[in-house]
**Student:** 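Below is one structure. I have some questions about it.
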Amino acid sequence: MNKFIIAAAAVALATPAAAQISPNQDLTINVNASVAGQCGVFNQSNVAGGNPVTTINFGDLAATPAANTVTAPAFSALYICNSANGFSRAISSANGGSLWRAGTSGGANNAIPYTLQHGGGSGLGFAAQQLTATRTDTFGGSAAYLAGQAGSITLRVNGVQVPSAANAAFNTTSVFAGNYADVVTVDITAN
């Protein structure tokens, strides 16, 4: 009996339960990664510099008749978004689509209205309009926005030169002299 106990102990030590191997054992490897969301709009000619500010200067409008339109050189806005659900775009004007004379809140003889037109494929484009309210558009996720979709932005303003009410032989302006400005913001939010 003594020999049996010793032999049984030796067999138990040689084959622990954890070391038993099944003839058809599989191995599962979980592989993971993540991709951060990236949505933005850029001045396409300024992508390398990363400057998010573009300045448009219509110049001096005093010598341009009110019936004439001044068109600023167009630039291309590049939309890039990797959200599978797309993005929302809001285009707004701080002054309701008007250039305001510095130091004023716009109003009579202190505001010059202008329009913004957006071109481009994948639904980016819209006809010229004054941004009296925020324009909001929603775009679905697509390979076009993943790769980058461009659209031109064109701004237009009419001159301010008008005939004098006292004597049409002389010209004046419909607004007071000064520097006029507005800020347009194009905001992109991933859906």
**Student:** Within the 3.5 Å criterion, strictly below it, is a donor on Ser88 or Asn191 matched to an acceptor on the partner's side chain?
**Tutor:**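 Checked: Ser88/Asn191 side chains pair up, N/O donor to acceptor below 3.5 Å.
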
**Student:** Please answer whether the main-chain N or O of Gly97 pairs with a side-chain N or O of Gln130 as donor and acceptor at a distance below 3.5 Å.
**Tutor:**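 Yes, because the side chain of Gln130 sits within donor-acceptor range (under 3.5 Å) of the backbone of Gly97.
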
**Student:** Taking Arg89 for its side chain and Leu124 for its backbone only, find out whether a donor-acceptor pair lies under 3.5 Å.
**Tutor:**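 Answer holds: yes.
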
**Student:** Any side-chain heavy-atom pair from Phe170 and Pro163 closer than 4.5 angstrom?
**Tutor:**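 They are not in contact (no side-chain heavy atoms under 4.5 Å apart), so the answer is no.
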
**Student:** Determine whether Thr185 and Ile91 make a side-chain contact, defined as any pair of heavy atoms from C-beta on separated by less than 4.5 Å.
**Tutor:**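 With C-beta onward as the side chain, the pair stays apart.
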
**Student:** Tell me which donor-acceptor pairs under 3.5 Å the side chains of residues 25-39 have, and how far apart each pair is, sequence neighbours excluded?
**Tutor:**
none

**Student:** Closer than 3.5 angstrom, by distance alone: can the side chain of Ser98 be matched with the main-chain N or O of Trp100 as a donor-acceptor pair?
**Tutor:**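 Not a single qualifying donor-acceptor pair exists.
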
**Student:** Could you check whether any side-chain heavy atom of Phe58 comes within less than 4.5 Å of a side-chain heavy atom of Leu99, counting everything from C-beta outward?
**Tutor:**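 Yes, at least one pair of side-chain atoms sits under 4.5 Å.
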
**Student:** Tell me the side-chain hydrogen bond (donor to acceptor under 3.5 Å, both in side chains) pairs involving residues 150-162, sequence neighbours left out?
**Tutor:**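 Output for this query lists Thr69-Asn158, Gln117-Arg156.
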
**Student:** Which residues pass the side chain to side chain donor-acceptor pair (under 3.5 Å) test with Asp182, sequence neighbours left out?
**Tutor:**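 Asp182 satisfies side chain to side chain donor-acceptor pair (under 3.5 Å) with Ser93, Asn95, Tyr114 once adjacent residues are dropped.
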
**Student:** So do the side chains of Ile80 and Phe42 get within less than 4.5 Å of each other, counting heavy atoms only?
**Tutor:**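 A side-chain contact under 4.5 Å exists here.
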
**Student:** If we only count heavy atoms from C-beta on, is the Tyr79 to Phe87 side-chain gap below 4.5 Å?
**Tutor:**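 A side-chain contact under 4.5 Å exists here.
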
